[in-house]
Amino acid sequence: MTATLFWFRKGLRLHDNPALLATIAEAHTLYPVFVIDPALVTPERVGANRLAFLLESLAALDSSLRRLGSRLIVLRGEPVACIARALAEWQIARLGFERDDEPYARQRDRQIVQIATERGIAVRTLPGHTLYDPAASIAAAGGRAPRTYQAFLKLLAQLGPPAAPCPAPGALPPLGPLAGAIPRAIPSLAELGHPSATATLHAGAGGEGAALERLSAWLADRPRVAHFAKPDTDPTAFAPPSTTTLSPYLKFGCLSPRTFWSALQQIYAEFPDRTQPPVSLLGQLYWREFFYTLAWETPNYDRMVGNPICRQIPWEDDPARLAAWEEGRTGYPWIDAAMIQLRQEGWLHHLARHAVACFLTRGDLWVSWEAGQRVFERWLVDADWCLNASNWMWLSASAFFHAYHRVYSPVAFARRTDPGGQYVRHFLPGLARLPDRYIYEPWKAPLAVQREAGCLIGRDYPAPIVDHDQARVRNLERMRSAYAAG
DNA sequence: TTGCTAGTTGGAAGA
DNA sequence: CTCTTCCAACTAGCA
């Protein structure tokens, strides 16, 4: 009898899971395992909303496995030690998992593969988190990942369509004999030291089933899918948002990118006038792929120093400014409302992320993008190591994007799509009674208007921590110097 | 080597 | 309200 352990990490799904299929094909008995690493679930590292989403995804996976006569075994502890112990206790002969290309995961997986190999355990890994295997894409590109999106699209054309999604398993090997003794152990948020989740957008919606339902629901409006243009979507729309909000499912692998890709192709076939990458929905999947591919070969991808694609810029450490930004008290309602939405819902529209990221770094506060990256990493339900680093480099004009003189206005930008300030009024109820005219710059409201609205600047809502026009001019000069020095 | 082109998503002012 | 123009500007990719 060959006892096999399949280790779920990302890829929390049964559909299109090549590593799982390959692993169970050779198994007589199976131990499906997930490990909760206590170091990664502290409130300092992860907000309650993302942790709740993960726990829901695990519960959904457990239910799916049970329908096939199996179950999910949730272990808690340092992952390498946990898996090593399980391999020994359950006399595992084969280990399988989906490859994870993040540096932390690569390091972790190297250790467990070494331990398994030393003990004579066969290890089976396959990629499944991206459309293509980044290593294979780079090899096809001649050993160097493209540095621009357009060059990456050319590479994709050369690669041809990604592999078709594989079916979910119709049956699973019986549970390993020792699994019966292990209690069902998906912990609660409270057990992990967290308050309850506050999300409205993704509340109670973790897991593969919800992912596929939300995908179907979004795809049902076929003209909208075919004509989707990301830059034209509304960053101030929040009930409902103007984009798919599928990102958390892709982050945890509740949704396969290849399943998404295939579904899009079917719709695109009906619409000759569909939008194209980079702005189309397919283009969004390709941005993800582009960044994953480049990150695979770039050292220190989530840092400025030692990162060969990142411009070296003398950001200034300023804990007070950083805290004001993170806590939504910069005095700019559009920025503050977005930061409140981030913390309440764990989600922000892409362009709202742009606005707050530009504000923290090159636009206004001149604080390092790495500090902002850590804040997003904590609060976003869809926090994705590679995409988070990529977009912070983009917005801070450290890589990919170089037109640093283009600075988002914290006053004018949101006014274009939301002149009445409904978004601000929702997330900053203290400002709700201000007239439209002052909703994005309340410090300009005459005192009588502030009193009438029940919102005195400096008492009920902060005055701006920087003068945007002055900060912008000063920072443009600093960017010019940094670019010249580079 | 050099020159040329194109690049997901700005803002202000004016027609 | 929508469109155009100007501002000031850098890089990767390619011929």
Side-chain angles (χ1 to χ4, degrees), chain A residues 138 141-158 227-237 241-244 247 264 274-291 293-294 297-298 307-313 332 334-335 338 348-359 361-364 387 390-420 436 440-441 467-486:
Chain A
I138 291 170
R144 185 172 180 268
R147 295 300 200 265
T148 63
Y149 187 78
Q150 292 303 324
F152 183 73
L153 288 182
K154 285 180 185 163
L155 172 60
L156 290 185
Q158 185 189 321
H227 301 127
F228 182 90
K230 186 69 165 278
D232 298 341
T233 56
D234 181 352
T236 54
S242 58
T243 50
T244 69
S247 49
L264 286 176
R274 65 187 178 273
T275 51
Q276 299 288 334
V279 300
S280 64
L281 214 42
L282 180 63
Q284 308 313 303
L285 267 183
Y286 287 164
W287 278 109
R288 178 176 185 269
E289 197 76 14
F290 166 57
F291 289 133
T293 306
L294 185 54
E297 69 161 26
T298 306
N307 179 345
I309 68 163
C310 182
R311 188 163 291 278
Q312 305 298 299
I313 297 170
Y332 286 92
W334 157 236
I335 301 298
L348 273 181
H349 185 278
H350 192 59
L351 290 178
R353 301 183 196 202
H354 278 215
V356 299
C358 182
F359 188 90
T361 57
R362 66 188 171 86
D364 294 82
L387 305 183
S390 304
N391 283 304
W392 275 98
M393 283 191 273
W394 183 295
L395 264 300
S396 60
S398 299
F400 310 113
F401 173 82
H402 314 285
Y404 57 77
H405 53 93
R406 294 189 171 187
V407 175
Y408 289 90
S409 165
V411 170
F413 185 71
R415 190 136 62 190
R416 281 197 315 218
T417 50
D418 187 12
D436 291 2
Y440 291 109
E441 36 191 356
D467 179 300
H468 172 68
D469 293 326
Q470 288 175 15
R472 181 180 159 278
V473 170
R474 169 137 196 261
N475 292 343
L476 276 178
E477 184 52 46
R478 294 201 271 202
M479 288 301 286
R480 207 170 289 127
S481 304
Y483 267 59

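All chains are named by letter (A, B, ...) in the order of the sequence lines, taking the proteins before the strands, and each is independently numbered beginning at 1.
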Between P of C:dG13 and CD1 of A:Ile309, the distance in whole Å:
11 Å
Does a donor on one side chain and an acceptor on the other come within less than 3.5 Å for A:His468 and A:Tyr332?
no
So what does A:Pro277 touch, heavy atoms closer than 4.0 Å: a base, only the sugar-phosphate, or nothing?
nothing
Between A:Thr233 and A:His349, does any side-chain donor sit less than 3.5 Å from a side-chain acceptor?
yes
Base, sugar-phosphate, or nothing for A:Arg472, non-hydrogen atoms under 4.0 angstrom?
nothing
Measure NE2/A:His350 against P/B:dT8 and give the value in whole Å, please.
12 Å
Between A:Tyr286 and A:Tyr149, ring centroids under 6.0 Å:
no
Under the criteria of a ring-centre distance below 5.5 Å and an interplanar angle below 30°, is A:Trp287 stacked with the base of B:dT8?
yes
Touch check for A:Arg144, heavy atoms < 4.0 angstrom, all strands: base, sugar-phosphate only, or nothing?
sugar-phosphate
If I pick the P atom on B:dT8 and the same atom on C:dT5, what distance separates them, to the nearest angstrom?
22 Å
Measure the acute angle between the ring planes of A:Phe291 and A:Trp394, then classify it against the limits of 30° and 60° as parallel, tilted or perpendicular.
perpendicular
In terms of side-chain heavy atoms of A:Pro231, which of B:dT8, C:dC10, B:dA12 is nearest?
B:dT8
Do any of residues 393-409 of chain A sit with a heavy atom less than 4.0 Å from DNA chain C, and if so which?
A:His402, A:Tyr404, A:His405
Without decimals, in angstroms, what is the distance between A:Arg362 CZ and C:dA9 P?
14 Å
Could you work out which one of C:dG13, C:dC10, B:dT8 sits closest to the side chain of A:Ala151?
C:dG13
Nearest whole angstrom, please: distance from the C1' of B:dG11 to the NE2 of A:His354.
17 Å
A:Gln150 side chain near B:dT5 phosphate (N/O to OP1/OP2, under 4.0 Å):
no
Which heavy-atom pair separates A:Ala397 from A:Arg362 by the least distance, and what is that distance?
CB-CD, 3.8 Å
Mind checking the C1' distance from B:dT5 to C:dA9? Whole angstroms is fine.
15 Å
Classify A:Arg416 by what it touches in the nucleic acid, base, sugar-phosphate, or nothing, heavy-atom distance under 4.0 Å.
sugar-phosphate
Among the candidates B:dT8, C:dA9, C:dG13, find the nucleotide nearest to the side-chain atoms of A:Arg480.
C:dA9
Face-on cation placement of A:Arg480 at A:Tyr404 ring, 6.0 Å and 45° thresholds
no
Electrostatic pair A:Arg474:A:Glu477 at N-O distance under 4.0 angstrom:
no
Dot-bracket for DNA chain B, 5' to 3', with Watson-Crick and G-U pairs under 3.5 Å, [ ] for crossing pairs and | for other-strand pairs: what is it?
.||||||..||||||
Can you tell me how far C1' of B:dT8 sits from CG of A:Leu387, to the nearest Å?
15 Å
How close or far is atom C1' of C:dC7 from atom CG of A:Leu476, stated in whole angstroms?
11 Å
Euclidean distance for P, C:dA8 against B:dG7 (whole angstrom)
23 Å
How long is the line joining CZ of A:Arg415 and P of B:dG10, in whole Å?
18 Å
Starting at CG of A:Leu155 and ending at C1' of C:dC14, how long is that distance when rounded to a whole Å?
16 Å
